[in-house]
Structure formats: structure tokens, C-alpha cells
Amino acid sequence: MTRASAGGTALAAEPILGLRNVSLHFDDGRTKALDGVDFAVDEGEFVAIAGPSGSGKSSLLNLIGALDVPSAGEIFFRGAAYSGNADLAAFRGRHIGFVFQSFHLIPTLTALENVMLPALGRSWSAAAQRRRAESLLADMGLRDRLHSSPTTLSGGERQRVAIARALINEPSLILADEPTGSLDSANAEQVLEFLVGLRAEKGLTVVMVTHDEGISARADRVIRMRDGRIERAGQPA
Amino acid sequence: MNLVSFALGNLRRRPARTALTLSAIALGIAAVVALTSIAWGFEASWQKANDARGTDLIVTRMASQNAMPSPFAAAPVREQLARYPHVQEVAGLLSEMLSVGEDNPPIFVFGWAYGSYLWEHLKLLDGRWPADRDEPAVLLGTLAAELLHKGVGDRIELEGRSFEVVGTFQSTALVENGAVLMTLDQAQAVTDKPGKVNVLNLKLDGQATEADARFVKEQVRKALPGYAAITSGELVSRNAVVRIAKAMSHVTILIAGLVGALIVFNTMLMSINERTREIGVLQALGWRRTTIMQLVICESLVLALAGGLVGIAVGVLIASGLEQAELMRGKIAAIYSVPFFLSVLGLSVVLGVGGGLYPAHRAARLSPAQALRHE
């Protein structure tokens, strides 16, 4: 595994995430979305994954997020391989928070209910879920939008709801797939501030897929992908 | 928020499709409720009429399966029956469905042996009983009087003969309240069946036990070939019309169940296909496959149960409408019970779960990454 330094952030000895020779093939191996990817991410690191369309960024994020299983290689979370874990849903629910480009909020639920959604079916009491969701939305500056439908929220507000949703289960790893891709520059900056702030305030690790060189520049480390392989990894230019 | 409220929200998202699915389920359930309650009501109406008269055993032709058994010559059989131990009384009954005037629906006309115990359970509301077995007089049940718009002192025409209405009565049996009653001799004359009856009603004395009743049945079987002594329940369950009605209700339950399950299946499958990406999001948020299955099953159950409840209400309305229809009035009272309604809701649950199971399984088996890529 290659590990680049994490610009200014104190790193724990054990990486939170490790990929060892990970490949993802489709069509009986004829299409190689990822081919021999090998890297590690430390606790509290902000890593940007950049690269042209079709380079394998989203496939890589799906594998890290346990949404897909690698065709070959292994993925480690705090030293334990999880790619063959039978209960990947429980793993995602416990350790990972997703933020998507197009928010993926449920239109029939309020902002508050959307935030509570990942906690549904967990052992927390409904009151505890609600209190935590309200607190997260307040942190996102949405205290007065708790009961609003996502359809009435601006793009920036929706993405902040999505970030609150990603945090409800207290994950240690935030995976964001082009989180500012659908936002204007002002809202994109605000959302980015929230995500970057998560590191500082909560010590969370953030792995973000982005096309935006401005965002990549603010990461601790940038992994540049091309044709399913890591082309370059290191501190932003 | 819980799984049920989330499921309700998902159903509200497509109100037209939800309403159409719910309506289709409701119609199927309504057909089940209406047909079954009428079929049971038909059976119960006849049994209640027999029971109300205090009859212990009914002697009829063994092969007859009609609603009212085929007529037979009463005298030789009656004499034989009267000799059996504990037989207190043997009373002949002849029944026919006849038109009373051109504008009225057909109505049951009962002829009962004059002076027999059959008359004792009736409550005379107005007028009097027939003066003798040969008097051309009739009594009308309360509902028959209402349907025919006749009362004491009026006359009615039956098969070209004129009868005076000498009284009105009330019975605990709907079938009798909707009937015209006359003496057996008059009924035999007006239907041109002299000396014949449909059944002979046996009343056993107060000391008779069930073993004595079984003995009489056995004696009839041995001594009167072609005849059978049966209880009113057995008579009704042999009735071909009752059996056809019940068979139709069973077929309706089967068809409604299958169609309902298919409708739920189709609706949920469409819904799952439309929400593939959303299911991927739920998986990404940590939802287990079992939770996703529970959500889909919950949606199909809500649909089916709501359809079941609406269907019960519509079915009761249809059955009430049938009861009040001119041709049916006074002949059938639909029967409902809490266990029946619970069974219908149980059927709704079965078709909800049955129809939702495969779509739920399919939703749960989706690959999260593929689901998120779904357009």
C-alpha cells in the first residue's frame, strides 16, 4: 500500500482505510473499472479522488463504501478486511456516511425525517433519533427548516440535509460523491466548509470524489485516477 | 417516523395508482363478502325456518336435492312414522313459490297441516287463524303483507283461485315473514297436488333423547326405502341451491384472492422498479435487506388491508341491496359476523403478503451500487 503524507493533519498509526491490489471487473472481466488499486487513508484525513469521467472514481467510492464487492484484492477498515463481510449493510450503517451529488432525499419525508431515515430500525429510541436529527440540522443552519419538504429547499439546503443524514449514525468515514456538483458556487463553498469542518470538529475522515480542482486543492491528499488505476497520489498542487 | 408511516408516504406518492389498486382489491373483497354472506344467509334462513317450527326430524325423499324437496304422497308414510316410539306428531308441509297478481314478485306459499304444532310458533298480529282445513283463507307474514300491500279483509289471487286474507302474523324466521300461509289442504288444492307434501315434520316427545332420534332415523332408512329422516341442518346442507351458492362463494374467494394478489404484485413491482435508485440509497444508508423487505411488505399489506376494509363496507352495501331487491326481499338475510370479517381481513393479509413477497425479495436483492446507477 502506498501512503502519502496528510498535509498538516496528525495521523493515527493504523489507517482507517486500506485497499490492497483491489480490482473491479464487469462483463466476465472484459471491462476493468478498477485494476490493482492500492492505497491507504489515515484517520482524520481529507482525501480527494480526482480524474476524468470513466476513470473509476465512483467505482472506487462504491467499493470503499461497501456498496460493491471487489473482483479481486481486499479492503481493510482499521486493519480488518471487510470486503467479504456478510453484513455489509450493518457495516455501512455503523461506520460510513454517504453524501451524493444529487442529494437523494426522499420527497415524501420532511428534512427531519430524511435525517432520521438511516437510524430507522436501529436500537435507538425514536426520541433519541429525533433529538440527534434536530441537533444535526441545527448545526447545519436548518433549525427553521426541520419540517420542510425537500422539494421546498434550495440545492444548498438539500445538501446540508444530506450531510446531516450522513452523520446521524455517528460514522467515522464520510464518502462524498461530487457533493458540490449540483450547486452554485456560493452553496458549493458552504457545503465544502461543512465537510471540511467535520474533520476539524469531529475528527471524521472524508473521502470525496470531485472534478473540481479548487476542492482538490483543499484536500490533504489527492488521488488521481485514470483508466481504473491510480495515476498519481500526493499532496495537492 | 416509523416503517409504517414511511410506507404510507410511499403509497401517497402515487395517489392514482394507489387508489386504483385499492379499488381493485376492494371490488374483489366486496364480491367475496356479498356472495358469502348471501350464501350463508340463504342457508341460515332455511334452517331458521325449520328450527323455528320446533321440528326434530324431517322426512323427505332421499334423492331430492331441491330447495324444497319433491312432493310425495303423505298418507302411507305418515301412518308408518306415527307408530315409532317418541313420535309425538307428524305434520305435513307443502311449499311452492307462486306469483300473487301480475305486478308482484314471486312469493313463498306454505301449506301446513291444519291444527298441527307448526302453527304454534307464529305470533298472530291481526285477524284470526283459518276456521277449518277447507276454508279458502290465507295469512300473510308481516313482510308479505308489506310487499303485497294487503291486510286483513283483502283478497288475493293464487293460481286463479281467490283467497281471503284472514290474518297477519310474525315469525322469528325471515322466510316465513315473507310468505303466504294457508292450510295444507288448501295448498294441495291450489297447487294441484292432492295428498302430497314436500316434507313430513316430526316432533318427538319431551322424553326423547338423541339416541331415540337416531333410532327413528334408522327405522325410516330400513322401513321406508327411498325416504330419509334428517335434521333441518342436514336438509339445508343437502339443498342443491345452497351448495351451488356456497361453491360460487368459494370460487369467488379463490378468484378474488388470486386477482388481488396479482394486482398487489404488479403494483409493488412497478413501484420497486421506479424506486430502484431510492432503494440503493436506503442500502447505502445502512438499511439491511430485511428492513427493505419489511418496507415493501408493509406497503403491500397497507394496500391490501385498506382494500379489504373498503371491500367489506362495499360488500355489506351490495348484500344489503340484494336483500332489498324486489325478487329477493323476504327470502334471504345476509349473515355477517366478527369472525367472518376477520377472515376476510385475513384473506386481505394473505393476498397482501403473497403479492408483495416477490417484489420485496427482489428489492432486497438489488445490488446497492447497481441500484444507485439505475436511471
Side-chain angles (χ1 to χ4, degrees), chain A residues 24 26 33 58-70 86-110 112-122 125-126 129-130 133 147 149 151 162 165-171 175 177, chain B residues 1-19 267-268 270-299 301-303 360-375:
Chain A
L24 182 64
F26 300 114
S58 293
S59 295
L60 183 58
L61 206 69
N62 285 345
L63 286 182
I64 296 170
L67 296 175
D68 221 337
V69 286
D87 197 355
L88 291 176
F91 174 80
R92 286 191 295 269
R94 197 175 308 123
H95 298 296
I96 295 176
F98 279 96
V99 180
F100 303 99
Q101 178 179 356
S102 44
F103 327 124
H104 289 324
L105 300 178
I106 308 293
T108 52
L109 303 179
T110 63
L112 182 67
E113 289 168 337
N114 266 287
V115 175
M116 290 164 68
L117 203 54
L120 207 67
R122 292 176 73 93
S125 73
Q129 286 175 28
R130 190 184 177 89
H147 304 293
S149 162
T151 54
R165 182 181 64 183
L167 296 174
I168 185 88
N169 283 342
E170 300 176 329
L175 301 181
D177 191 357
Chain B
M1 186 183 63
N2 53 39
L3 211 58
V4 176
S5 63
F6 187 29
L8 285 172
N10 286 336
L11 291 173
R12 277 197 298 269
R13 208 186 294 186
R14 295 277 190 182
R17 185 170 64 198
T18 298
T267 300
M268 293 316 299
M270 282 168 66
S271 174
I272 294 307
N273 283 337
E274 284 172 8
R275 293 188 292 159
T276 297
R277 186 184 283 193
E278 187 177 302
I279 289 165
V281 172
L282 294 175
Q283 289 177 315
L285 297 179
W287 276 41
R288 289 191 161 94
R289 293 186 195 282
T290 49
T291 314
I292 288 167
M293 277 193 83
Q294 284 168 10
L295 175 69
V296 178
I297 295 281
C298 189
E299 286 175 27
L301 259 181
V302 167
L303 264 178
H361 176 72
R362 197 164 137 162
R365 299 304 302 173
L366 282 172
S367 149
Q370 284 178 357
L372 282 168
R373 280 196 291 269
H374 188 84
E375 293 299 326

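The sequence lines fix the lettering, A, B, ..., with proteins before strands; numbering per chain opens at 1.
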B/A284, B/S367, B/G9: which one forms the most heavy-atom pairs within less than 4.5 Å of chain A? B/A284

For [X] and [Y], work out which heavy atoms get closest and say how close.
X      : Y      : value
B/R277 : A/S102 : NH1-OG, 4.1 Å
A/A89  : B/R288 : CB-CA, 3.8 Å
B/W287 : A/L120 : CZ2-CD2, 3.5 Å

In Å, rounded to the nearest 0.5 Å, how long is the span from [atom1] of [X] to [atom2] of [Y]?
X      : Y      : atom1 : atom2 : answer
A/N62  : B/L372 : CG    : CG    : 6.5 Å
A/D68  : B/Q370 : CG    : CD    : 7.0 Å
A/N169 : B/L285 : CG    : CG    : 8.5 Å
B/F6   : A/E113 : CZ    : CD    : 9.5 Å
B/R14  : A/T108 : CZ    : OG1   : 12.0 Å

Which atoms of [X] approach chain A - backbone, side chain, both or neither, heavy atom under 4.5 Å:
X      : answer
B/R275 : neither
B/L8   : neither
B/E278 : side chain

Using heavy-atom distances under 4.5 Å, tell me whether A/F103 contacts chain B through its side chain, its backbone, both, or neither. neither

Can you tell which part of A/R130 gets under 4.5 Å to a heavy atom of chain B, answering side chain, backbone, both or neither? neither

Greatest number of non-hydrogen atom pairs under 4.5 angstrom with chain B, of A/I96, A/I106, A/L67, A/I168, falls to A/L67

Of the listed residues (A/P107, A/G65, A/A66, A/G97), which shares the most heavy-atom pairs with chain B below a 4.5 Å separation? A/P107

Are any of the side-chain heavy atoms of A/R165 and B/V281 separated by less than 4.5 Å? yes

Is the shortest heavy-atom distance from the side chain of B/R373 to the side chain of A/S58 under 4.5 Å? no

